[in-house]
Number of protein chains: 2
Amino acid sequence: MHDIASRADVSLGTVSHVINGTAPVRDVLKKRVLQAIDDLGYQPNHLSRGLRRNQTNLIGMIIPDIMNPFFPSVVRGVEDMAYKASYRLLLCNADNDVQKETAYLNDLRSFLPAGIILIPSLDHKIASQGAGPPVVCMDRVPKGWKGDSVTVANEAGGHAAAEHLIEMGHKIIGIVRGPSNVVTAEERVTGFVKAMKAARLSISPEYIQEGQFDRESGYTCTLRLLNMLPRPTAIFTASDLMATGALAAIKASKLKCPDDISIVSFDGLAFTELTEPALTSIFQPSYQLGYTAARLLLDRINGEDFPPQNVMLDTELKIRDSVRRI
Amino acid sequence: MHDIASRADVSLGTVSHVINGTAPVRDVLKKRVLQAIDDLGYQPNHLSRGLRRNQTNLIGMIIPDIMNPFFPSVVRGVEDMAYKASYRLLLCNADNDVQKETAYLNDLRSFLPAGIILIPSLDHKIASQGAGPPVVCMDRVPKGWKGDSVTVANEAGGHAAAEHLIEMGHKIIGIVRGPSNVVTAEERVTGFVKAMKAARLSISPEYIQEGQFDRESGYTCTLRLLNMLPRPTAIFTASDLMATGALAAIKASKLKCPDDISIVSFDGLAFTELTEPALTSIFQPSYQLGYTAARLLLDRINGEDFPPQNVMLDTELKIRDSVRRI
DNA sequence: TTGTAGGCGTTATCAG
DNA sequence: CTGATAACGCCTACAA
């Protein structure tokens, strides 16, 4: 900036004013400054700017693990929205480890980010945010959370899954659910069971097996369900990963999907089109999730003073080939 | 720091010395300072530190698109290595858009990152890095690049793919290759063709169809190959995405894989286990790719003064169910 | 071994 | 409208 000032023969302050539009500057001077900036290929230093302003154009994002196929599109959603508003993304993988997450959270703050987007680990009790940049919680929102958040209508999704199976004539249905300490897992089951109740169908507890959202547990849980008598004609798996385990289990049991047993899954990840059969699944708008969270955060950053808000995004039933009419 | 200094009843400089180990400090004082730091929950400000040191603990990373299933594990590899050395990741999606990429590159620099990891867009001619932080190029390295880089042994991979098919008795083979302006695509074909030559097998040009690495083109290219006379008994697809297109095309043609036609793919992404049949594929060590690039970069950051280095990582043939012995 | 002071590149304040 | 000047928080000579 100093060089620019001398080159344009103005003071440092004027250069700053031109750059930030923080005070009107005579046209001649402005032109000279802009020219000098261009000549010198000047780019403002984010660090000193942040230091002075007490805020950078960084958005910190903490997620469990980018290798989990659910998160890339969430991240991309955030980045796209952030990029539009000239913010950059500082990405952290916390591995569902509360310690790592808190460490990251603290560390992030000393970059003076404009805001933070957090997908909390399963058992994180977040201290309600005190000072510091605004935080938006996403996907799974801890019980005590008082700030902004964006979530998916998990219960409605579970409900829709059940309705679909019921409509297709299924009555004896098994569930491979997610871990009971995870809100989203809980909600999906709740919705599902509600829909069954509404249709006067019952489901006894042993027909609800608890897995870990991963392929492995999907496999074993499904195996257990297949041994029940009467054998369910359909299974609701609470994640796509578990659904792939279910498919494997069905195959291993010399059964066929959907001929012998139908599956409705949850997530709607890209690869569900590629399995055999392609999976009917409750699609979560993952990109939108990130995009929306970022928008909310930006509003907050820009000082909008609405009360803490929870945006809930709808799921969508994607019908493919894993459910058969009975 | 000021607060800490007064609380521990020492000077600002001493606090700094304790924090950075930049000068020996009497044990009593050190203890007092550490105590004060703990009491106040002090965290050094990355911005001011970076400003002063002219370098932050950020590593900038520019990739084409995190939603492309190849990249998440690369990113994770980088983050893991970086995290160990207390560096943080600034992630940018450049969408194979040279403009966006250059913009990001410039913008990144004014965060004073310790280094930059770049997966260049297809047709990027990078200016050889002048001043600024060290840059490591990854995966696809532009022709003129003089700095460090990490790549995959694409040619050897293509070679291995061919050898496998040949060993399984295939003689008439089709190729669905990637775009000819992409180095990696070129190399894979080269390796494949070399292996065929070595086995005294020939492949005429129309048996090599050029796609875009995506599913769509995999489908259409495969369709064309299936109409050739004689019909190939096997196809080498240069990406997993194209392989899924190939599978669809085979199905649409009322043929069966691997019974009527075998497939060897390239990438070895996770979902290739889930297709029907599971894909035999040349696995690229994507996580290692990121991990290695980060290590190389860290060495460079730490001032190691070796000449520009290219690390080439080996691929691995993962045999699954899409190739049949003839 | 400890303390002091200057400066990193910006922005904000305030006086001309 | 323009230009000094004082911070922002930290590091590092250098002096004590």
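All of these numbers come straight from a predicted model, not from anything done at the bench.
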Can you find a heavy atom in the side chain of A:P134 that is under 4.5 Å from one in the side chain of A:I301?
yes
Categorize A:I19 for me: base, sugar-phosphate, or nothing, with a 4.0 angstrom heavy-atom threshold over every strand shown.
nothing
Taking the side chain as every heavy atom from C-beta outward, state whether B:L118 and B:E101 have any pair of such atoms under 4.5 Å apart.
yes
Among A:I19, A:V18, A:V33, which one satisfies side-chain contact (heavy atoms from CB on, under 4.5 Å) with A:I4?
A:V33
Looking at side-chain heavy atoms only, is the closest gap between B:V152 and B:P285 below 4.5 Å?
yes
Base, sugar-phosphate, or nothing for B:N20, non-hydrogen atoms under 4.0 angstrom?
sugar-phosphate
Base, sugar-phosphate, or nothing: which does B:H2 touch, judged by heavy atoms less than 4.0 Å apart?
nothing
Taking for each residue the nucleotide of DNA chain C bearing the nearest heavy atom, is the 5' side occupied by A:R53 or by B:G13?
B:G13
So the contacted stretch of DNA chain C, first to last nucleotide with an atom under 4.0 Å from a non-hydrogen atom of chain A, runs from C:dG9 to C:dA12
Please walk me through it: do B:Y104 and A:Y83 pass ring pair (Phe, Tyr, Trp, His ring centres under 6.0 Å)?
CA-CA 10 Å; B:Y104 262 138; A:Y83 183 72; 5.1 Å; yes
On DNA chain D, compare the nucleotides closest to A:P24 and A:L12; which residue's is nearer the 5' end?
A:P24
Is B:K84 paired with B:D80 through a side-chain N to carboxylate O contact shorter than 4.0 Å?
no
Using a 4.0 Å heavy-atom cut-off, does A:L47 contact any base of the nucleic acid, only the sugar-phosphate backbone, or nothing at all?
nothing
Would you find a donor on one side and an acceptor on the other, under 3.5 Å apart, between the side chain of B:T56 and the backbone of B:L112?
yes
Along DNA chain D, first and last positions that approach a heavy atom of chain B under 4.0 Å
D:dG9 to D:dT12
Side chains of B:D267 and B:Q284, donor plus acceptor under 3.5 Å
yes
Considering every strand and a 4.0 Å limit on heavy-atom distances, what is the contact class for B:M1: base, sugar-phosphate, or nothing?
sugar-phosphate
Mind checking if A:Q55 touches a base, just sugar-phosphate, or nothing, with heavy atoms under 4.0 Å?
nothing
For a 4.5 angstrom cut-off between non-hydrogen side-chain atoms, does B:V74 reach B:S286?
yes
